[in-house]
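Inspection log for the structure reproduced underneath, given as structure tokens.
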Amino acid sequence: TQDMAEELVVHFEKLLTRVDGLLSAVVTDRDGVVLLKANAPNVTTPFTESTLGCTFALASDQASKLGLKKNKSIVSIYGSYQLVQFNHGSLITTFVAKSEANTGLLLELGTELESVTQVIATALHERHSGTLS
């Protein structure tokens, strides 16, 4: 419902204040469709949100071929930014933060968000199933 979607956006916007240097939080499906996004005020990131989920899915699949089973998260650090991405079943959560942000806090936050992404995944599945019957 619309109320639930608004609550999720507000919740994501509050997340941005919990970790210093967190610039953006994005939830996409594995095809890169943005389902939920929150940016810190006056921030533009150099990353295209729609490609973040696809890139993670490909990297995750390749990493699983190392024999370590399916990974839960990937941390990528660049000159000025870091990406912390989580495999939450059919959804991917991505945090874009400044490179000096506390990576451990971002990992903790992603684990905490798993239940929120499950709500989104369930709602999408129910909506998709409803349109097919």
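All values below were derived from every heavy atom in this structure, side-chain atoms included, with hydrogens, water molecules and symmetry-related copies excluded.
- Nearest heavy-atom pair across Gly110 and Phe95 is N-CE1, 3.6 Å.
- Within the 4.5 Å cutoff, side-chain heavy atoms of Leu22 are placed close to those of Leu109.
- Within the 4.5 Å cutoff, side-chain heavy atoms of Phe86 are placed close to those of Leu107.
- The side-chain heavy atoms of Thr93 and Val26, taken from C-beta on, include no pair separated by under 4.5 Å.
- Ser99 and Gly79 make their closest contact through OG-O, 3.3 Å (heavy atoms, listed as atom of the first residue, atom of the second, distance).
- Scanning all heavy atoms of the two residues, the minimum distance from Val34 to Lys37 falls at CG1-CB, 4.0 Å.
- Atom CD in Gln118 sits 7.0 Å away from atom OG in Ser90 (nearest 0.5 Å).
- Side-chain atoms of Asp31 never come within 3.5 Å of backbone atoms of Val33 as a donor-acceptor pair (strictly under, hydrogens ignored).
- Closest heavy-atom contact between Leu16 and Ala40: CD1-N, 3.3 Å.
- Inter-residue side-chain proximity for Val27 and His88 is flagged as unmet; no heavy-atom pair is nearer than 4.5 Å.
- Residues Leu83 and Val96 form a side-chain contact, since some pair of their non-hydrogen atoms from C-beta on lies under 4.5 Å apart.
- Atoms CG and CD, on Asn102 and Gln82 in that order, are 8.5 Å from each other to the nearest 0.5 Å.
- When Ile92, Thr28, Leu91 are each tested for a side chain to side chain contact (heavy atoms under 4.5 Å, CB included) with Leu35, only one passes: Leu91.
- The environment of Asp20 atom CG is sparse: at most 12 non-hydrogen atoms of other residues, nucleotides or ligands sit within 6.0 angstrom.
- With salt bridges taken as basic N to acidic carboxylate O contacts below 4.0 Å, one links Arg18 and Glu112.
- Taking 4.5 Å as the limit, some side-chain heavy atom of Leu23 sits within range of a side-chain heavy atom of Tyr81.
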